[in-house]
K.L.:
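Have a look at this one.
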Amino acid sequence: MKVLVIGGGGREHAMCWKLARSPQVEEVHCAPGNAGIARDATCVKLADGDVPDYARDRGIGLVAIGPEGPLVGGMGNMLRARGFKVFGPQAKAATLEGSKVFAKQFMKRHGIPTADFDVAESFAEAEDAVRHFGDRVVVKADGLAAGKGVIVCSTIDEGVQAASTIMVDRAFGEAGRRVVVEKRLEGYELSLIAVTDGERYKMMIPAQDHKPLLDGDEGPNTGGMGAYCPARNIASPELVERIEREVIVPTLQGMREEERPIRGVLYAGLMIDGDGSLGVLEFNLRFGDPETQPQLTMMSSDLAALMLESDGGNVSNVPVTWHEGVAVTVVAAAEGYPVSPRKGDPITGLDGVEKGDERIVFHAGTSLDDGKVVVSGGRVLGITARGPDLDTARKASYDMIEKIGFKGMQYRRDIGVKGL
Ligand code: AMP
Ligand code: GLY
């Protein structure tokens with residue numbers, strides 16, 4: 001089978017890398033891909049509307065959509081209407097990620113635990129809602145905002161300012177036409193990711209992301225500066241089982257009842273409190289980035305089979321297995337990330353650092369310029385190692401990253417430390 005992956009970041013590199021190792025995959029294509037993906041796949045620049053023709057001409061048997069933009073935009077619908085097998089939901093299901101108002105109201109309808117909230121359609125309504133919730137409040141733009149549309153506040157003034165930034169200044173454009181104002185939850189964050197055919201599901205190995213830019217969880221939030229898995233310290237088998245029962249199963253069922261079956265991924269971002277309460281912060285209908293990089297490094301079974309069954313099949317039929325040990329991904333980001341990443345500098349030291357399927361440099365924001373690999377995005381590389389335990393895998397990742405360099409490269413020194 002030939003597979004086409006849509007996207008060009010670290011998540012999509014890990015998907016291409018893993019699919020290229022599938023016994024049933026003969027060719028991997030990726031649009032647009034990046035300099036590293038080009039080692040595992042044929043990269044091609046395609047406008048969304050040109051994807052079906054390209055897939056038909058190349059005899060593509062499965063299209064796997066990586067990012068949320070094309071999913072919410074209906075690429076799954078367009079491809080299924082043309083007869084393709086797709087990994088990734090229809091737009092109606094992707095609304096669970098694409099509209100925070102929809103997601104919150106859905107959770108309320110189906111009794112899925114989440115923070116108390118109000119929906120505001122105007123700045124005046126948002127201001128009232130902030131005053132109602134008080135100091136500990138979160139203001140969220142309704143629509144997609146590349147992970148930036150959520151403002152966590154500690155005072156009423158900050159809450160009002162956040163509502164103004166989103167609704168008056170329109171810092172995130174039309175995504176801020178409506179906002180969710182909700183109670184700020186306390187605790188620690190955990191993300192659990194399921195691959196589903198809409199009814200049955202298989203859990204991915206639990207991973208811990210590191211969202212803040214700097215060591216010790218300081219600095220601004222990013223898309224994620226590193227991840228490791230399995231994260232046994234935060235995701236005990238009992239807790240995972242409880243989240244399946246209280247969140248994953250009722251969400252899949254509720255979406256089926258509302259005729260929005262999820263074919264592909266259900267990613268639940270949660271806040272877990274010490275007193276045993278849990279609440280859903282957000283849903284995504286795609287794999288996580290960087291979580292996918294260590295997760296697919298750990299997967300010892302066939303990803304293509306799982307993806308195929310997610311679209312009209314039964315994922316229970318696919319064995320999903322994991323290597324022993326632990327995988328760690330440390331993200332190397334560009335100078336100025338996450339605000340204004342510096343681009344164009346050459347990356348050195350990439351040759352010879354990788355080893356088998358245990359030491360891999362996944363590329364996120366890279367491109368080829370005159371045969372040289374250069375920085376072209378905020379998160380540049382996902383330096384990934386698998387080892388018998390967390391300590392060994394961490395050391396291997398940091399050993400690799402020390403050999404790699406580009407002007408202004410920044411990375412966290414403490415990825416995985418919480419799990420030691
Ligand atoms: P979201 O995109 O909704 O996951 O929000 C992004 C980040 O904002 C989350 O990863 C949390 O760190 C934080 N966040 C969102 N909602 C809340 C909440 N109700 N309480 C505390 N933190 C939150
Ligand atoms: N790493 C967080 C996300 O993929 O949403």
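Numbering of ligands and ligand atoms starts at 1, following listing order. Values below: every heavy atom of this structure, side chains too, minus hydrogens, waters and symmetry copies. Counting from 1, the numbers follow the sequence of the chain as shown.
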K.L.:
Could I get the full list of ring pair (Phe, Tyr, Trp, His ring centres under 6.0 Å) partners for F87, not counting sequence neighbours?
P.N.:
F287
K.L.:
Is it the side chain, the backbone, both or neither of R286 that has a heavy atom closer than 4.0 Å to ligand 2?
P.N.:
side chain
K.L.:
State whether the shortest distance between N or O atoms of K211 and N or O atoms of ligand 2 falls below 3.5 angstrom.
P.N.:
no
K.L.:
Considering only NZ, NE, NH1 and NH2 on the basic side and carboxylate oxygens on the acidic side, decide whether R178 and D142 come within less than 4.0 Å.
P.N.:
yes
K.L.:
Is K18 salt-bridged to D302, going by a charged N under 4.0 Å from an acidic O?
P.N.:
no
K.L.:
Should R359 and D399 count as an ion pair when the cut-off is N to O under 4.0 Å?
P.N.:
yes
K.L.:
Go through the structure and list residues passing ring pair (Phe, Tyr, Trp, His ring centres under 6.0 Å) with H132, not counting sequence neighbours.
P.N.:
none
K.L.:
Could you pull out all residues at least two apart from A207 that satisfy side-chain contact (heavy atoms from CB on, under 4.5 Å)?
P.N.:
C229, E291, Q295
K.L.:
Show me, by chain and number, every protein residue that has a heavy-atom distance under 4.0 Å to ligand 1.
P.N.:
K100, V138, K140, V150, V152, E182, K183, R184, L185, E189, K211, M271, L281, E282
K.L.:
Considering the heavy atoms of E291, write down every atom of ligand 2 situated less than 4.0 Å from one of them.
P.N.:
1 (N), 2 (C), 4 (O)
K.L.:
Looking only at protein heavy atoms, identify the closest one to atom 3 (C) of ligand 2 and say how far it is in Å.
P.N.:
Y267 OH, 3.6 Å
K.L.:
Is there a polar contact, in the sense of an N or O pair closer than 3.5 Å, between G224 and ligand 2?
P.N.:
no
K.L.:
Give a yes/no verdict on whether any heavy atom in G288 is under 4.0 Å from an atom of ligand 2.
P.N.:
yes
K.L.:
Counting each atom of ligand 2 from 1 as listed, which ones have a heavy atom of G223 under 4.0 Å away?
P.N.:
1 (N), 2 (C)
K.L.:
Please identify which atoms of ligand 2 are closer than 4.0 Å to at least one heavy atom of N284.
P.N.:
5 (O)
K.L.:
Indicate the atoms forming the closest heavy-atom contact of L303 with M15, along with that distance.
P.N.:
CD2-O, 4.3 Å
K.L.:
Looking at D197 and R263, is any side-chain nitrogen of the basic one under 4.0 Å from a carboxylate oxygen of the acidic one?
P.N.:
no
K.L.:
Is any side-chain N of the basic residue among E186 and R136 closer than 4.0 Å to the acidic one's carboxylate O?
P.N.:
yes
K.L.:
Decide, yes or no, whether a salt bridge links E354 with R39 under the criterion of side-chain N to carboxylate O below 4.0 Å.
P.N.:
yes
K.L.:
Quick one: does NZ or CZ of K108 land under 6.0 Å from the six-membered ring centre of F117, within 45 degrees of the ring axis?
P.N.:
yes
K.L.:
Is there a heavy atom in R11 that sits closer than 4.0 Å to ligand 2?
P.N.:
no
K.L.:
Output the list of atoms in ligand 2 that are nearer than 4.0 Å to some heavy atom of D209, sorted by atom number.
P.N.:
1 (N), 2 (C)
